[in-house]
Amino acid sequence: MLSKIMARLLIPVMIVLCGMTWRLYELLDFGRTVYNHRPGACRLVPGIDKGSEDVDLVREEGIAFVTSGVVFMQPHRAHVKDNDFNSSSGKIFLYDFNQKLGGGAPKAKELPIKGASFDQNFCRTTSTHTVSLTGLSMASSGSTSSTTATTSNIPSRNQWDDSLEVFDFDPIGPALQHKKSIKSPLFVSSPPLSRPNDLVAVGPDQFLLNNDGVAQTELGNVIEILTFYRGGSVVLWDGKFLAIFGVIIFFLRGLLRQCEDGKGTRNSCPSTGADRWDGKDAHTVLSGMGDSEAHTVLSGMGGPNGAAFDAKNNKIFISEVNKRKVNVYDISKDKKTLTQVSSFDLYTVCDNLSMDNDGSVYCGCHPKINEAAVALNDCDGVSTSASQVLHMRFGEDFKTIAVSEPYANDGKELSGSSIAVVHNNQILIGSVCRGLLHCTIDDPSVL
């Protein structure tokens with residue numbers, strides 16, 4: 001009798017296990033083959049070998065900013081030293097699409113970061129920490145300067161200190177002038193847990209930032225993916241809040257100092273039943289006002305990663321890596337509401353997104369996630385993973401899509417592609433933790 005019951009239970013259990021095994025087989029792309037092809041001649045950019053995870057183009061000037069040195073949930077890599085810099089130290093490079101290549105290799109220039117408010121010791125081997133730069137976005141502020149923002153993760157042993165760093169670009173140097181650091185409970189790796197990744201500027205001093213999950217370890221990330229846990233979110237940081245309430249904040253801070261120093265009058269200081277104000281109420285008010293600069297606009301997402309903004313059509317594009325989709329949203333005038341217009345299956349893991357001037361979107365992808373899972377956890381080793389670039393064209397109503405593949409490689413030329421930017425018959429393809437590839441586009445039809 002017992003054996004019959006066990007037999008009846010065994011059959012559905014086996015069916016479930018077989019289904020999960022097949023799902024895992026598909027999820028890890030074991031059955032996929034990548035065939036190499038290029039849009040033209042391709043060459044690696046010298047001097048960038050620790051990653052080019054994100055690239056953002058200033059189309060009017062023909063230049064691009066490149067982040068290098070990502071440490072993705074691997075704090076142990078922050079302590080591996082390589083000559084004068086940590087092997088994973090965060091850097092930002094400038095690439096000029098206008099340079100005359102001829103027969104030589106394309107060149108990128110590392111941008112020095114100036115400003116006492118930015119602790120550059122995090123990038124030097126004299127420190128036990130390093131800056132890991134991930135997302136990158138640019139907001140134009142005139143013909144001669146730009147504001148560049150990037151998310152940074154500063155690993156310290158097994159914990160992280162996340163922030164959004166804002167720089168002004170000085171084209172004369174050229175150099176980056178650190179403007180400010182932005183932190184919020186909505187995009188830091190501490191309770192409530194989040195994991196900031198890419199960001200996109202949607203206005204002056206306004207950014208959408210993607211938290212691609214909640215896990216803070218490699219194992220936790222794997223579990224999050226396999227269980228289809230939707231812990232991702234999209235946060236709006238609105239710097240306009242400070243502009244609107246700046247006078248109030250300034251007044252409260254001045255009042256706080258006077259009352260704490262005993263210089264304020266009893267009528268000007270809040271009543272606490274004591275002769276002197278302890279300032280706790282003001283601290284609470286200021287803290288609450290500061291937190292309200294960030295707003296969660298989307299939640300319950302499966303790994304939101306890349307983001308792009310089409311200002312002309314007022315559309316936001318977001319890739320969900322765990323779902324292998326790209327989603328299209330309408331963004332409200334105040335930028336606090338995203339309304340989904342459409343969602344498309346891409347059957348590949350798309351990383352970061354970039355807008356072309358015709359309204360289409362390019363994406364660097366990981367077509368074989370089983371290889372990416374190994375290679376991206378072995379950035380300083382010999383493992384490689386396949387690379388892929390997709391070009392997405394949308395219909396007028398953004399409810400239809402046409403997808404082409406301008407570039408694919410088995411990982412021997414470029415490992416772990418993460419972004420693609422097209423300009424002036426050239427394409428720049430970044431990778432998570434390896435090189436930066438430049439290709440010419442021999443014929444636009446290949447796109």
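What you see is a predicted model; the values in this text were computed from it and never measured. Position 1 is the first residue of the sequence; numbering continues from there.
Between Ser360 atom OG and Phe394 atom CZ the span is 8.5 Å, to the nearest 0.5 Å. Here the CE atom belonging to Met355 is positioned 12.0 Å from the CG atom belonging to Asp56, to the nearest 0.5 angstrom. Put simply, CD1 on Ile429 and CG on Leu437 are 5.0 Å apart, with the number rounded to the nearest 0.5 Å. Taken to the nearest 0.5 Å, the CG atom of Asn352 stands 5.5 Å off from the OG atom of Ser418. In this structure, the separation between CG on Asn197 and CG on Asn211 is 9.0 Å, given to the nearest 0.5 Å. Rounded to the nearest 0.5 Å, atoms CE (Met301) and NZ (Lys323) are 7.0 Å apart.
Two residues are said to be in side-chain contact when any heavy atoms from C-beta on lie closer than 4.5 Å; Phe65 and Val55 fail this criterion. Considering only heavy atoms from C-beta on, Ile331 stays 4.5 Å or farther from Thr337 through its side chain. With contacts defined as side-chain heavy-atom distances shorter than 4.5 Å, the pair Asp238/Phe207 does not qualify. Residues Ile92 and Leu176 form a side-chain contact, since some pair of their non-hydrogen atoms from C-beta on lies under 4.5 Å apart.
Aromatic ring centres of Tyr95 and Phe93: separated by at least 6.0 Å.
With Ser431 contributing its side chain and Leu414 its backbone, the two residues share no donor-acceptor pair below 3.5 Å. Checked by atom type and distance alone, the side chain of Asn409 pairs as donor or acceptor with a backbone atom of Lys412 at under 3.5 Å. Looking only at distances, no side-chain donor or acceptor of Thr296 sits under 3.5 Å from a matching main-chain atom of Val235. In terms of modelled atom types and a separation under 3.5 Å, the side chain of Lys368 and the main chain of Arg32 share a donor-acceptor contact. Side chain of Ser342 to backbone of Phe398: a donor-acceptor contact under 3.5 angstrom is found. In terms of modelled atom types and a separation under 3.5 Å, the side chain of Asp443 and the main chain of Val446 share no donor-acceptor contact. Using modelled atom types, one side-chain atom of Asn98 and one backbone atom of Glu61 make a donor-acceptor pair closer than 3.5 Å. Here the side chain of Thr384 pairs no donor or acceptor atom with the backbone of Ser415 at under 3.5 angstrom. The main-chain N or O of Ala375 is never found under 3.5 Å from a side-chain atom of Ser383 such that the two would form a donor-acceptor pair. His391 places a side-chain N or O within donor-acceptor distance of the main-chain N or O of Leu447, the cut-off being under 3.5 Å.
Between Cys363 and Cys350, the two SG sulfurs stay at or beyond 2.5 Å from each other.
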message = Test salt bridge (charged side-chain N to carboxylate O under 4.0 Å, His left out) on Asp380 and Arg434; report intermediate values, then the result.
response = CA-CA 9 Å; Asp380 303 308; Arg434 299 299 176 90; over 6 Å; no
Notebook entry, point to check: ring-ring contact (aromatic ring centres under 6.0 Å, His included) between Tyr329 and Phe317: does it pass, once the steps are laid out?
Noted result: CA-CA 6 Å; Tyr329 301 89; Phe317 305 87; 9.2 Å; no
Decide yes or no on side-chain contact (heavy atoms from CB on, under 4.5 Å) for Glu371 and Asp410, but give the supporting numbers first.
CA-CA 10 Å; Glu371 293 181 355; Asp410 57 11; over 6 Å; no
(request) Begin with the C-alpha distance, continue with both residues' side-chain angles, and end with the deciding distance and a verdict on side-chain contact (heavy atoms from CB on, under 4.5 Å) for Ile427 and Val421. (result) CA-CA 6 Å; Ile427 183 169; Val421 171; over 6 Å; no
Apply side-chain contact (heavy atoms from CB on, under 4.5 Å) to residues Phe169 and Leu111 and explain how you reach the verdict. CA-CA 9 Å; Phe169 174 59; Leu111 291 173; 4.2 Å; yes
*asked:* One pair to check against side-chain contact (heavy atoms from CB on, under 4.5 Å): Asp345 and Tyr347. What are the steps and the verdict?
replied: CA-CA 6 Å; Asp345 289 306; Tyr347 306 101; 3.7 Å; yes
>> For a salt bridge (charged side-chain N to carboxylate O under 4.0 Å, His left out) check, start with the C-alpha distance between Asp330 and Lys315, then their side-chain angles and the critical distance, and finish with the verdict.
In response: CA-CA 5 Å; Asp330 278 322; Lys315 295 290 187 293; 2.7 Å; yes
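With a 6.0 Å radius and a threshold of 12 heavy atoms from other residues, nucleotides or ligands, Lys107 has its NZ atom at or below the threshold.
In the model, Tyr35 has no side-chain atom that pairs as donor or acceptor with a side-chain atom of Glu405 under 3.5 Å. Under 3.5 Å, the side chains of Asn305 and Glu320 contain no donor-acceptor pair of N or O atoms. Defined by atom type and a distance below 3.5 Å, a donor-acceptor pair is missing between the side-chain atoms of Thr440 and Gln426. Between the side chains of Gln388 and His366, not a single donor N or O lies within less than 3.5 Å of an accepting N or O. If you check the side chains of Asp54 and Thr67, you find no donor sitting under 3.5 Å from an acceptor.
When every heavy atom of Ser387 is checked against every heavy atom of Ser417, the shortest pair comes out as OG-N, 3.1 Å. Contact between Asp442 and Gly40 at its shortest, heavy atoms only, is OD2-CA, 3.4 Å. A pairwise comparison of heavy atoms in Cys365 and Thr348 identifies CB-OG1, 3.9 Å as the closest pair. For Gly232 against Pro304, the heavy-atom pair with the smallest separation is CA-CD, 3.6 Å. Minimum heavy-atom separation, Leu164 to Val166: CD2-CG2, 3.6 Å. Closest approach of Val403 and Met392 over heavy atoms only: CG2-CG, 4.2 Å.
A salt bridge is absent between Asp358 and Lys312; no separation between the charged side-chain nitrogens and carboxylate oxygens falls under 4.0 Å. Salt bridge Asp168/Lys180: absent, no basic N to carboxylate O contact under 4.0 Å.
Checking each of Val200, Leu298, Leu353, Leu208 against Ile318 for a side-chain contact (heavy atoms from CB on, under 4.5 Å) leaves exactly one that passes, namely Leu298.
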